[in-house]
Trainee: 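I'd like to ask you about the structure that follows.
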Amino acid sequence: MESAVVRCLPGEPKLTISFILGGSQKHMQRDQDEPLGKALTRISHNFAKDQRKAKKSKKHMDQQASESPEVTPVKLIYEGHEVAETVLNSDAWQDGAVLQVGDVQYSIQRNAPSFITAELPVSMLADFPVCPKLEMEFGNLQECDFSWFKEKCTQTSPEAAETDAPQDTDWTQVGVGRVYVPTNQDIGCRLKLRCTPKDGSRSGLAKELVSVGAVEAGPGMCTFDNRHIYTVKETEWPTMRVVSYNILADIYAQTELSKTVLYPYCAPYALQLDYRQNLIKKELAGYNADIICLQEVDKGVFVDSLMPSLDAFGLEGVFRVKEKQHEGLATFYRRSKFQCLSSHDIMLSEVLTSDPIHSELLEMISKNSVLKDKILQRSTTLQVTLLEDVRRPDRKILIANTHLYWHPKGGNVRLVQMGVALKHLNHVKAAIAPEAPLIFCGDFNSSPDSGVFQLVTESLIPQQHPDWSSSEPEESCRMKLISGFPPMLSACGRLAYTNYVGGFHGCLDYIFLQPESMQVEQMIPLPTHQEVTTYEALPSVAHPSDHIALVCDLHWSP
């Protein structure tokens, strides 16, 4: 018996009936308060119409068109009894009922597991994971069935290739599971995914997705491949693996400045988003991380690419977009180890003027209106996520993620931004999780000799620090800043660089931790200088960003 899926939710005016009729998929929308008889009549008319089309020939087209279609008996049976046509649709279409259309019977599945969204990525590279974008209702993605196929065209003659006639395509199964990694044997072939939505013992209608393009050859050795040797396995409690990575937003990679001035050495195709996303997904998946903090995340990339792929590898994600921009911050955590208790995100410039805890700092910078205006124009955001260890609920951790002001002469702005961030983190920690250690990740756009680095690692910045005069003389200011936290540790130390472009290289990214609560078990080595400069600088065909990911394993203190 075939299946028919009925979607019927309280409060919605219509229900949807989905089934295969006459070889084609039908999706009928009917009013929930409509009598069943009207819906059955519509199904009967559709069936007759399909039959008439199948029988119609050019010779008898006019004659056939004038004939009335035969009436096909359609009824709905529930628990052995025919449902009265006066019963409303909302009550008639029950789970387990049988729809009979002529001699064909359909088993009714009410609110069966189903995919709302199901898409394959446009770009697919050999040796890089392919993850579908999937959204479903009434089901569980972890329980669904997935089968992968590659095409094998049976008509390959030059004559066939020159015609517009459709070619017959055979499909060979090549894998199962939510993620498929194409091989070199798949190059030049399209892929097909058959996915069956499930929720326990219940199954919905299977969906088939065919890729738009074929699998292409990958770039070969990437800068992160050797790093993956250290991260083959997930960590075990009480160790966790943390990643911080500025992945280069597409809105910045595609500017004329980026193509001609910042990254002229990078092949144009390697700056394309689809290409870079293949590399980013493989790199992040290969780290087997427990916590990932990303900067410069395009909103579309988070929704369409990162969420689907990292979810397939066991991670949940939260996103915070920057005000007035289309990119922001993303924090992912492994669902088997952590659950998110709360989020406490802020825009630094907004809370500086609205939250009383920053009144003293606001008073100090208000003495210089030029600097104050410059700071308040920034849309810099701080993402704060409180996580709980699912194995040890008494263990909580506060994850902070940010991307500070970028300008080389903006040291004074970054100091104020960091002052606001640390004050907010102190307040959140004291209010909701005093015992939770803080891990602070991000692109701080600050070198190890900067005021920001000193403020975090020494807890204090004096009035005389040169960063207070880092910009124009009229923006100069002098003040003492105290972090409120005991000195924190840079988990990866003071690196030669984490950003390497044609005209600059330096250490801008950090993972800061509280050494009294956590220790560094290992830092995953960065790519060698030879690997970084194989294609002159970053990004390149072998590396998706102008930054390098920081990866380290941290150990809970006893």
Side-chain angles (χ1 to χ4, degrees), residues 1-51 71-119 132-147 176-178 193-209 308 311-312 335:
M1 187 183 299
E2 297 190 44
S3 294
V5 172
V6 175
R7 184 183 185 276
C8 181
L9 295 179
E12 293 188 0
K14 293 184 179 295
L15 56 75
T16 304
I17 309 167
S18 302
F19 57 103
I20 295 176
L21 185 63
S24 62
Q25 186 74 47
K26 303 293 184 184
H27 299 284
M28 295 177 54
Q29 280 202 336
R30 310 300 299 179
D31 290 333
Q32 288 201 31
D33 58 2
E34 170 192 71
L36 170 66
K38 288 190 175 182
L40 298 181
T41 300
R42 173 55 60 187
I43 293 173
S44 177
H45 286 168
N46 285 345
F47 185 75
K49 184 178 178 181
D50 287 344
Q51 281 190 320
V71 177
T72 303
V74 179
K75 56 186 175 180
L76 187 65
I77 302 168
Y78 184 62
E79 295 183 344
H81 302 284
E82 185 174 347
V83 182
E85 293 189 352
T86 55
V87 177
L88 300 184
N89 278 328
S90 57
D91 298 322
W93 300 91
Q94 294 297 322
D95 199 44
V98 174
L99 171 66
Q100 185 161 339
V101 183
D103 297 328
V104 182
Q105 290 186 327
Y106 300 86
S107 173
I108 300 300
Q109 299 183 58
R110 181 169 171 135
N111 294 338
S114 59
F115 292 110
I116 304 170
T117 302
E119 301 171 1
K133 178 187 176 183
L134 300 168
E135 295 178 66
M136 68 182 309
E137 59 180 359
F138 315 124
N140 187 335
L141 279 174
Q142 278 68 51
E143 296 177 348
C144 298
D145 288 336
F146 301 94
S147 298
V176 295
R178 192 164 157 194
L193 171 63
R194 179 181 297 140
C195 37
T196 304
K198 286 192 170 185
D199 181 31
S201 59
R202 301 184 74 217
S203 297
L205 298 178
K207 213 174 186 71
E208 288 195 347
L209 312 174
D311 180 76
R335 71 170 68 92

Trainee: What do the steps show when you test Val98 against Met1 for side chain to side chain contact (heavy atoms under 4.5 Å, CB included), and what is the final call?
Mentor: CA-CA 9 Å; Val98 174; Met1 187 183 299; 4.2 Å; yes
Trainee: Return yes if some donor-acceptor pair links the side-chain N/O of Asn111 with the main-chain N/O of Cys8 below 3.5 Å, else return no.
Mentor: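 Between the backbone of Cys8 and the side chain of Asn111 there is a qualifying donor-acceptor contact (under 3.5 Å).
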Trainee: Are the side chains of Gln94 and Val83 in contact, using a 4.5 Å heavy-atom criterion?
Mentor: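 No, their side chains stay 4.5 Å or more apart.
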Trainee: Within the 4.5 Å heavy-atom criterion, are Pro308 and Glu119 side-chain neighbours or not?
Mentor: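 They are not in side-chain contact.
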Trainee: For the pair Ser44 (side chain) and Thr72 (backbone), establish whether a donor and an acceptor sit closer than 3.5 Å, ignoring hydrogens and angles.
Mentor: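 The answer is yes, because a donor-acceptor pair under 3.5 Å joins these two groups.
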Trainee: Give a yes or no on whether Arg42 atom CZ has more than 12 heavy-atom contacts from other residues, nucleotides or ligands under 6.0 Å away.
Mentor: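 No, not enclosed.
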Trainee: Kindly determine whether Gln100 and Val74 satisfy side chain to side chain contact (heavy atoms under 4.5 Å, CB included), including the steps that lead there.
Mentor: CA-CA 6 Å; Gln100 185 161 339; Val74 179; over 6 Å; no
Trainee: Without hydrogens or angle criteria, can the side chains of Ser90 and Gln32 be said to hold a donor-acceptor pair below 3.5 Å?
Mentor: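 Result is no, nothing qualifies.
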Trainee: Please, which pairs that meet ring-ring contact (aromatic ring centres under 6.0 Å, His included) have at least one residue in residues 11-30, sequence neighbours excluded?
Mentor: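 Qualifying pairs, neighbours excluded: Phe19-Tyr106.
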Trainee: According to ring-ring contact (aromatic ring centres under 6.0 Å, His included), does anything in residues 78-102 pair up with another residue at least two apart or in another chain? List the pairs.
Mentor: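 Listed once each, the pairs would be none.
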Trainee: For a quick test of reading the model, state the closest non-hydrogen atom pair linking Phe138 to Leu9 and the distance between them.
Mentor: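 For Phe138 versus Leu9, the nearest heavy atoms are CZ-CD2, 3.5 Å.
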Trainee: Does atom NZ of Lys207 have more than 12 heavy-atom neighbours from other groups under 6.0 Å away?
Mentor: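 Atom NZ in Lys207 is not crowded, with 12 or fewer foreign heavy atoms closer than 6.0 Å.
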Trainee: Are the side chains of Val101 and Glu2 in touch, meaning some heavy atoms are under 4.5 Å apart?
Mentor: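 Contact flag for Val101/Glu2 side chains = no.
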Trainee: Mind running side chain to side chain contact (heavy atoms under 4.5 Å, CB included) on Lys198 and Asn140 for me, showing each step along the way?
Mentor: CA-CA 6 Å; Lys198 286 192 170 185; Asn140 187 335; over 6 Å; no
Trainee: To the nearest 0.5 Å, tell me how far Ser203 OG sits from Gln109 CD.
Mentor: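 These two atoms lie 7.0 Å from each other.
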Trainee: Enter the distance from Ile43:CD1 to Leu76:CG here, rounded to the nearest 0.5 Å.
Mentor: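 The CD1 atom of Ile43 sits 8.5 Å away from the CG atom of Leu76.
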Trainee: Of all the heavy-atom pairs spanning Pro35 and Leu88, show the shortest one and how long it is.
Mentor: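 So the two residues come closest at N-CD2, 4.2 Å.
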Trainee: Rounded at 0.5 Å granularity, tell me how far CD in Glu85 sits from CG in Leu36.
Mentor: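 With rounding to 0.5 Å, CD (Glu85) is 6.5 Å from CG (Leu36).
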Trainee: Check step by step if side chain to side chain contact (heavy atoms under 4.5 Å, CB included) holds for Ser114 and Leu205.
Mentor: CA-CA 7 Å; Ser114 59; Leu205 298 178; over 6 Å; no
Trainee: Only counting residues at least two apart or in another chain, list the ones meeting salt bridge (Lys or Arg N to Asp or Glu O under 4.0 Å) with Glu137.
Mentor: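 Partners of Glu137 under the salt bridge (Lys or Arg N to Asp or Glu O under 4.0 Å) test: Arg7.
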Trainee: Do Asp31 and Lys38 meet the salt-bridge criterion of a basic N to acidic O distance under 4.0 Å?
Mentor: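 Salt bridge flag = no for Asp31 with Lys38.
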Trainee: How long is the span from the CG atom in Leu15 to the CE atom in Met28, to the nearest 0.5 Å?
Mentor: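 Between atom CG of Leu15 and atom CE of Met28 there are 9.5 Å.
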Trainee: Rounded to the nearest 0.5 Å, what separation is found between the CG atom of Leu99 and the NZ atom of Lys75?
Mentor: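 Here the interatomic distance stands at 11.0 Å.
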Trainee: Which heavy atom in Gly204 sits nearest to a heavy atom in Ala112, and how many Å separate them?
Mentor: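 Closest approach of Gly204 to Ala112, heavy atoms only: CA-CB, 4.3 Å.
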Trainee: Between the side chains of Asp311 and Arg335, is the shortest nitrogen-to-carboxylate-oxygen separation below 4.0 Å, so that they form an ion pair?
Mentor: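 Salt bridge present between Arg335 and Asp311.
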Trainee: Would the distance check show the side chain of Arg30 and the main-chain N or O of Ile17 forming a donor-acceptor pair, the cut-off being under 3.5 Å?
Mentor: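 Judged by distance alone, no pair lies under 3.5 Å.
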Trainee: Does any part of the side chain of Cys144, heavy atoms only, come nearer than 4.5 Å to the side chain of Arg178, both counted from C-beta?
Mentor: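 The answer is no; the side chains never approach within 4.5 Å.
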Trainee: What distance separates Arg110 CZ from Arg202 CZ, expressed to the nearest 0.5 Å?
Mentor: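 If I round to the nearest 0.5 Å, the distance is 10.5 Å.
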